[in-house]
There are 2 protein chains.
Amino acid sequence: MITSFAPHAGAGTGDDVLNTSTAPGVRMSGSGGVRRIMPSIEVVAKEAGVSTATAGRALGGYGSVSAKSREAVLAAAERLGYRANSLARSMITGLTHTLGVLVPDIENPFFSRALRGIADTAHAKGWEVLLVNTDEDLTLERKALGVLAERRVDGMVVAPTDAADRDTLKAVIDAGIPVVLLDRRVPGLDADTVGIDNRAAARDATERLLKLGHRSIALLTGGDEHLRAKLARPGLRGVERIAGTTVGARTAGYRDALLEAGVEPRPELVSAEGFRREDAAEATTRLLALPEPPTAILALDSLLALGVLQALRRLGLRCPADVSLVSFDDADWAEAISPPLSVVAQPIYELGAEAGRLLLDRVQGSERRVTHRRLPTRFIERESARSLL
Amino acid sequence: MITSFAPHAGAGTGDDVLNTSTAPGVRMSGSGGVRRIMPSIEVVAKEAGVSTATAGRALGGYGSVSAKSREAVLAAAERLGYRANSLARSMITGLTHTLGVLVPDIENPFFSRALRGIADTAHAKGWEVLLVNTDEDLTLERKALGVLAERRVDGMVVAPTDAADRDTLKAVIDAGIPVVLLDRRVPGLDADTVGIDNRAAARDATERLLKLGHRSIALLTGGDEHLRAKLARPGLRGVERIAGTTVGARTAGYRDALLEAGVEPRPELVSAEGFRREDAAEATTRLLALPEPPTAILALDSLLALGVLQALRRLGLRCPADVSLVSFDDADWAEAISPPLSVVAQPIYELGAEAGRLLLDRVQGSERRVTHRRLPTRFIERESARSLL
DNA sequence: TTGTACGCGTTATCAC
DNA sequence: GTGATAACGCGTACAA
């Protein structure tokens, strides 16, 4: 059983550890409380009457140690509350057993669920997770990659912003730190990726709305001005250039479906006004005020869908009677609300778990070729999309 | 600008770095791709033609360096893609600039939002976050605390399970690692805590339902058998013993309100059948099948509320016409659904941010007395609770 | 201003 | 089976 822990002494304060007149490793703090200083392996060895090498072998379970020595060491360690210093270990082994995880927003249910997948996988194999938020900010993302590199993480799972910094990511990979891209791909980057077939999924969802008789279908992308600029061309033709990104691919799929059904894409029905709920609410209000308002809305994530529902309430409109709604991601509330929301469900946890597996595979030395995993999506039909026929 | 990163060489492979005939720090990997080895400060110093000490001063911005030397070092570092090794630095300085965060379930919106608060605060002051999930499992929690200690985190924010392992936590604190308890308190533990006044908040919510004329009010605690055993006594008298925990305090507040209104608490209306959504759905179904079913339900978190709504739908019951519902936590969907959910809103982000602040305060050496922060809650009245009068 | 040398706590490599 | 001892990469006295 663990009986006590103690932090490393600050630089230059550890000398008296061995000279304490009471129990070794115990000193008084300034305010009078008892404070144990983290005993090093050297202290444990001394206490057990063996060398540090033997103590290390007994504690680490490698090499060969006599039963007698091992017992003495283990007892001493327990008595002193010894905890190995993983920093020192990492310096020598070259492994931190830490995976860096970089996401735009941990509060987004997509990423918190994916994180569970990553963390569970990592944890099962003895790795821990260092988490970094970027807030969709490119500068922060760049900095965060630097921090993770300095921490010598063994690998990274990265969900880059849509305007991802390819150069920095490339530098990380060239440096030999394995990277797996989650959800979002970065064109021209030589890294494993895990995600879904965004174009096909969006196309499928759009087709379903078309089959229900909808002809005015709005798309809530959650993108920003950056994206908006690229979408401004007639017939949404600009989208081909960004089909490598998640939002781009979904927009392309939406366009594919419309064109195949003989419906001309209307740029004013494609919104890119931010990824927050309130942004979506405002976008919805604007869309429904159009001279030719949409009869259905496709939202690219559950937070945006929430914004739509909020706007509908404010406007006194009902779903699906007045407006149909379909969303990406099967949020935990999607089935519980009235009406239950029809969604494109992604296997989010599995996405994260697979990213973790691919990464650990490389961390553990596999030199296999880069792979791109596309996990299947599932359309869950509930009651938020109604037929116009 | 960062041009390249590289991992530390494995033990015993770094010797040839200085002898490479092409650019220093560059080697070929087995499969032929270019792989940069993380150059140490020694390599940078050599490249710049100065000593490691001077290089260190130039890179770290301490001591005094001539402009000329600094320039040479910075240029060399840039050329070689130097990244400091924070492991080595931590060993010297005694600071990892890492905060350990231990939560039961990162997917739970409460904890993912609180984590944002912690992480933002930490990040703003130059700390990173090492995240550990415990799944409400006591054994995992114990292990996780050990891992964080071995990683030499500078401090921890811990949201312990309700049956928290006081001894292990105490060992951590005695070891001199600052700990801040989030959301859940551990009786008899000498640590800062951040949370709300659970008893008062639950009492207030219950009183509101009573004022609306409800007399049969069910409480969905999310607890398990462990808790159930303690709640089994007539009149809920067992609750006093566990009023130190979050669920216990809320249950006590619920009881307080009932007693004051002259309503005898009925143990069969207090459910402790698990914290997952499905658990809540089943509990709801059971409650509503009672001979004297509740007319209102108070759920202790938003996930449980979701389970209630799901059950109501399955049973063909409407909220609030058939059953009123009030929940803790203002989930992002609470306002968007029909009917909008009345809730006890906690300042979750602030809770996390405050925990981060208290922790960093101690990490940076403050010896102030232990404090217990109770942040105010806010009852948000919407439309899910109806009057029976 | 600069350089040398030591120490942080481990693991790994030798001899014995 | 055991014990010195050399790394790992950095900060920092101390001397020059």
Side-chain angles (χ1 to χ4, degrees), chain A residues 6-15 17-18 25 37-46 48-73 77 80 82-97 150-152, chain B residues 6-15 17-18 25 37-46 48-73 77 80 82-97 150-152:
Chain A
H8 40 298
T13 65
D15 293 340
V17 169
L18 296 174
I37 284 303
M38 185 71 109
S40 71
I41 203 168
E42 190 182 333
V43 177
V44 174
K46 205 147 281 181
V50 298
S51 70
T52 62
T54 300
R57 283 188 280 255
L59 261 7
Y62 54 88
S64 46
V65 200
S66 70
K68 190 174 166 187
S69 295
R70 175 169 35 246
E71 243 172 89
V73 171
L80 267 36
Y82 171 78
R83 291 261 100 191
N85 184 332
S86 71
L87 272 50
R89 175 180 296 149
S90 290
M91 289 205 55
I92 192 80
T93 62
L95 235 45
T96 54
H97 282 270
E150 290 193 348
R151 299 272 169 150
R152 299 299 191 268
Chain B
H8 41 296
T13 64
D15 292 340
V17 169
L18 295 173
I37 285 302
M38 187 71 109
S40 71
I41 204 168
E42 191 183 332
V43 177
V44 174
K46 206 147 278 183
V50 298
S51 71
T52 60
T54 301
R57 285 187 277 255
L59 260 7
Y62 54 86
S64 48
V65 200
S66 70
K68 192 171 161 185
S69 293
R70 174 166 39 244
E71 243 174 88
V73 170
L80 267 38
Y82 171 79
R83 291 263 100 191
N85 184 331
S86 71
L87 272 51
R89 175 180 297 150
S90 291
M91 291 206 55
I92 299 286
T93 63
L95 235 43
T96 54
H97 282 270
E150 290 194 347
R151 300 270 169 152
R152 298 300 190 268

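Proteins come first, then strands; the chains are lettered A, B, ... in the order of their sequence lines, and each starts at number 1.
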Enquirer: Applying a 4.0 Å non-hydrogen cut-off, can you work out what A:S64 is touching in the nucleic acid: base, sugar-phosphate, or nothing?
Expert: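 Counting heavy atoms under 4.0 Å across all strands, the contact made by A:S64 includes a base.
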Enquirer: Rounded to whole Å, how long is the line connecting atom CZ of A:R151 with atom C1' of D:dC10?
Expert: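 Result: 15 Å.
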Enquirer: Which side-chain N or O atoms in residues 60-68 of chain A pair as donor and acceptor under 3.5 Å with protein atoms at least two apart or in another chain?
Expert:
from, atom 1, to, atom 2, distance (Å)
A:S66, OG, A:S69, N, 3.1
A:S66, OG, A:S69, OG, 3.0

Enquirer: Nearest whole angstrom, please: distance from the C1' of D:dC8 to the CG of A:L87.
Expert: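 So the CG-C1' distance, A:L87 to D:dC8, works out to 12 Å.
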Enquirer: Identify the heavy atoms of A:T96 and B:L87 that sit nearest to each other, and give their distance.
Expert: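 Smallest heavy-atom distance, with atoms named: CG2-CD2, 3.7 Å.
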Enquirer: State, with a plain yes or no, whether a side-chain heavy atom of B:R152 is found less than 4.5 Å away from one of A:R83.
Expert: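 Sidechains of A:R83 and B:R152: in contact.
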Enquirer: Kindly write out the residues that satisfy side-chain hydrogen bond (donor to acceptor under 3.5 Å, both in side chains) with B:S86, not counting sequence neighbours, or none if the list is empty.
Expert: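 By the side-chain hydrogen bond (donor to acceptor under 3.5 Å, both in side chains) rule, B:S86 matches no residue at all.
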Enquirer: Checking B:A53 now: which residues fulfil side-chain contact (heavy atoms from CB on, under 4.5 Å) with it, not counting sequence neighbours?
Expert: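 B:A53 satisfies side-chain contact (heavy atoms from CB on, under 4.5 Å) with B:S51, B:R57 once adjacent residues are dropped.
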Enquirer: Nearest whole angstrom, please: distance from the P of C:dG7 to the CE of A:M91.
Expert: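 Those two atoms, CE and P, are 16 Å apart.
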Enquirer: Output all residues satisfying side-chain hydrogen bond (donor to acceptor under 3.5 Å, both in side chains) with B:S40, sequence neighbours left out; order by chain, then residue number.
Expert: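 Counting only residues at least two positions away or on another chain, B:S40 forms no side-chain hydrogen bond (donor to acceptor under 3.5 Å, both in side chains).
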Enquirer: Within the structure shown, what part of the strands sits under 4.0 Å from A:S86 by heavy-atom distance: base, sugar-phosphate, or nothing?
Expert: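 Nothing, no nucleic acid heavy atom in range.
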Enquirer: Is A:S69 near enough to D:dT2 that one of its side-chain N or O atoms lies under 4.0 angstrom from OP1 or OP2?
Expert: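 For D:dT2, OP1/OP2 do have a side-chain N/O of A:S69 under 4.0 Å.
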Enquirer: Sort me out a list of protein N/O and nucleotides 3-5 of chain C N/O pairs below 3.5 Å, or just none if empty.
Expert:
from, atom 1, to, atom 2, distance (Å)
C:dG3, OP2, B:S51, N, 3.0
C:dG3, OP2, B:S51, OG, 3.1
C:dG3, OP2, B:T54, OG1, 2.8
C:dG3, N7, B:R57, NH2, 2.8
C:dG3, O6, B:R57, NH1, 3.3

Enquirer: Would you kindly give the CD-to-P distance between A:E42 and C:dT10, to the nearest whole Å?
Expert: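 Taking CD of A:E42 and P of C:dT10, I get 10 Å after rounding.
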Enquirer: Could you say whether B:A88 or B:Y62 is positioned toward the 5' end of DNA chain D, judged by the nucleotide with the nearest heavy atom to each?
Expert: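 In this pair, the answer is B:A88.
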Enquirer: Find the distance A:L59:CG to C:dT11:C1' and express it as a whole number of Å.
Expert: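 Rounded to the whole Å, the gap is 12 Å.
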Enquirer: Checking the side chain of B:T54 only, and the main-chain atoms of B:V50 only, is there a donor and an acceptor separated by less than 3.5 Å?
Expert: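 Side chain of B:T54 to backbone of B:V50: no pair is present.
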Enquirer: Within this structure, what is the CZ-to-C1' distance between A:R152 and D:dC10, rounded to whole angstrom?
Expert: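 Taking atom C1' of D:dC10 as the reference, CZ of A:R152 is at 11 Å.
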Enquirer: Could you check how far CD1 of B:I41 sits from C1' of D:dT12, rounded to whole Å?
Expert: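 Atom CD1 in B:I41 sits about 12 Å away from atom C1' in D:dT12.
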Enquirer: On a heavy-atom basis, which atom in A:Y82 and which in A:I41 lie closest, and how many Å separate them?
Expert: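 Looking at all heavy atoms of both residues, the closest pair is CE1-N, 3.7 Å.
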Enquirer: Just how far, in rounded Å, is P of C:dT1 from NZ of B:K68?
Expert: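 B:K68 atom NZ is separated from C:dT1 atom P by 14 Å.
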Enquirer: What nucleotide among C:dT11, C:dT1, D:dC10 has an atom nearest to a side-chain atom of A:I92?
Expert: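 The closest nucleotide is C:dT11.
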Enquirer: When you check the phosphate oxygens OP1 and OP2 of D:dT2, does a side-chain N or O of A:S66 lie under 4.0 Å from one of them?
Expert: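 Yes, because at least one side-chain N or O of A:S66 sits under 4.0 Å from OP1 or OP2 of D:dT2.
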Enquirer: Please round to 10 degrees the angle between the axis of the first five pairs and the axis of the last five pairs in the helix from C:dT1-D:dA16 to C:dC16-D:dG1.
Expert: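 Rounded to the nearest 10 degrees, the bend comes out at 40°.
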Enquirer: Is a side-chain N or O of B:S90 found less than 3.5 angstrom from the main chain of B:L95, in a donor-acceptor match?
Expert: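 Checking the backbone N and O of B:L95 against the side chain of B:S90, a donor-acceptor pair under 3.5 Å is found.
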Enquirer: Could you check whether any side-chain heavy atom of A:E150 comes within less than 4.5 Å of a side-chain heavy atom of B:M38, counting everything from C-beta outward?
Expert: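 Answer no - side chains too far apart.
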Enquirer: What's the closest nucleotide to the B:V65 side chain, out of C:dT2, D:dA7, C:dG9?
Expert: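 Closest nucleotide to the B:V65 side chain: C:dT2.
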